Amino acid sequence: KNNTTGIKSVYTVYQGHEIMFHVSTALPYSKDNRQQVERKRHIGNDIVCIVFQEMEDDEDDTPSFKPSMLKSHFTHIFALVTFDRRDGSYRLTVFSEESVPLFYPPLPSPPVFR
């Protein structure tokens with residue numbers, strides 16, 4: 001009604017499970033709302049949060065993202081995807097709450113994809 005959820009979404013069905021992706025940059029931005037509460041409402045209520053981070057040329061291999069940066073009672077898993085411009089590779093790091101059992105597929109070691 002008030003365009004608080006945006007006009008576009010990414011949706012799919014995978015193995016019988018409906019999946020809705022809340023893309024933060026596609027959610028409406030309000031210059032009058034410093035804390036962007038409407039955006040946070042969607043991202044903070046998701047069980048899994050996928051974070052994309054591009055590594056700068058002068059950074060070491062340690063990403064600056066920490067799950068504690070995003071407070072949520074609902075998010076149980078953070079998947080951090082970092083892109084390294086130096087070699088065009090992607091690294092996947094998964095953070096989960098202690099209550100989340102191990103799940104498959106296992107990641108290769110190191111979890112780098114080209």
Side-chain angles (χ1 to χ4, degrees):
K1 191 173 187 178
N2 296 324
N3 193 26
T4 60
T5 60
I7 57 173
K8 294 183 180 179
S9 65
V10 180
Y11 168 86
T12 191
V13 176
Y14 178 74
Q15 295 184 350
H17 299 280
E18 293 183 297
I19 302 172
M20 174 69 72
F21 294 90
H22 292 120
V23 181
S24 64
T25 54
L27 293 170
Y29 173 80
S30 170
K31 64 183 178 194
D32 299 327
N33 186 341
R34 280 187 48 218
Q35 293 199 20
Q36 298 303 313
V37 175
E38 290 300 323
R39 286 176 139 191
K40 290 180 189 177
R41 177 172 60 105
H42 293 290
I43 304 298
N45 285 329
D46 290 335
I47 295 171
V48 177
C49 183
I50 303 171
V51 177
F52 291 91
Q53 184 175 29
E54 190 169 336
M55 301 296 287
E56 297 297 327
D57 294 331
D58 59 347
E59 285 187 88
D60 60 15
D61 291 338
T62 308
S64 59
F65 173 79
K66 294 175 182 62
S68 60
M69 293 174 165
L70 299 172
K71 299 286 185 194
S72 171
H73 295 290
F74 299 101
T75 307
H76 295 340
I77 297 172
F78 289 95
L80 174 62
V81 179
T82 52
F83 177 70
D84 191 333
R85 284 192 233 175
R86 298 172 291 193
D87 63 4
S89 66
Y90 293 88
R91 176 178 290 270
L92 176 60
T93 308
V94 177
F95 304 90
S96 64
E97 288 188 351
E98 290 180 10
S99 63
V100 176
L102 289 177
F103 51 89
Y104 289 90
L107 291 175
S109 181
V112 176
F113 303 88
R114 289 182 171 68

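All values reported here derive from a predicted model rather than from experimental measurement.
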Q: Would you say Val23 and Val10 make side-chain contact, with heavy atoms under 4.5 Å?
A: yes
Q: To the nearest 0.5 Å, tell me how far Glu97 CD sits from Ile47 CD1.
A: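 With rounding to 0.5 Å, CD (Glu97) is 11.0 Å from CD1 (Ile47).
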Q: Taking side-chain contact (heavy atoms from CB on, under 4.5 Å) as the test, write out the residues that go with Glu98, two or more places apart.
A: none
Q: Taking side-chain contact (heavy atoms from CB on, under 4.5 Å) as the definition, give me every residue that meets it alongside Val48, ordered by chain and number, with sequence neighbours left out.
A: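 Val48 satisfies side-chain contact (heavy atoms from CB on, under 4.5 Å) with Ile50, Ile77 only.
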Q: Check whether any side-chain heavy atom of Val81 lies under 4.5 Å from a side-chain heavy atom of Val51, and answer yes or no.
A: no
Q: Taking salt bridge (Lys or Arg N to Asp or Glu O under 4.0 Å) as the cut-off, I'd like each qualifying pair that reaches into residues 104-114, sequence neighbours left out, listed once.
A: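 Output for this query lists Asp87-Arg114.
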Q: Can you run down the salt bridge (Lys or Arg N to Asp or Glu O under 4.0 Å) pairs that involve residues 21-32, sequence neighbours left out, and say none if there aren't any?
A: none
Q: Which residues pass the side-chain contact (heavy atoms from CB on, under 4.5 Å) test with Ser109, not counting sequence neighbours?
A: none
Q: Sort and list the pairs that fulfil ring pair (Phe, Tyr, Trp, His ring centres under 6.0 Å) and have at least one residue in residues 87-114, not counting sequence neighbours.
A: Phe83-Tyr90
Q: Tell me which pairs pass salt bridge (Lys or Arg N to Asp or Glu O under 4.0 Å) where either residue lies in residues 14-29, with sequence neighbours left out.
A: none
Q: Please write out which residues are connected to Met20 in a hydrophobic cluster, directly or through intermediates, given that two of Ile, Leu, Val, Met, Phe, Trp, Tyr count as joined at side-chain heavy-atom separations below 4.5 angstrom.
A: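 Once heavy-atom contacts under 4.5 Å are chained together, Met20 belongs with Tyr11, Val13.
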Q: According to side-chain contact (heavy atoms from CB on, under 4.5 Å), who are the partners of Pro110, at least two apart in sequence or on a separate chain?
A: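 For Pro110, the residues satisfying side-chain contact (heavy atoms from CB on, under 4.5 Å) (neighbours in sequence not counted) are Arg91, Val112.
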Q: The criterion is ring pair (Phe, Tyr, Trp, His ring centres under 6.0 Å); which residues satisfy it with Phe78, sequence neighbours excluded?
A: Phe65
Q: Kindly give the heavy-atom pair with the smallest separation between Gln53 and Leu80, and that separation in Å.
A: OE1-CD1, 3.9 Å
Q: Quick one: hydrophobic cluster around Leu102, which other residues, with the 4.5 Å side-chain cut-off, linked directly or via members?
A: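 For Leu102, no cluster forms, as it stays isolated from other hydrophobic side chains.
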Q: Working to the nearest 0.5 angstrom, can you tell me the gap between Ser99 OG and His76 NE2?
A: 5.5 Å
Q: With rounding to the nearest 0.5 Å, note down the distance linking CG in Leu92 to CG in Leu107.
A: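 Here the rounded value is 5.0 Å.
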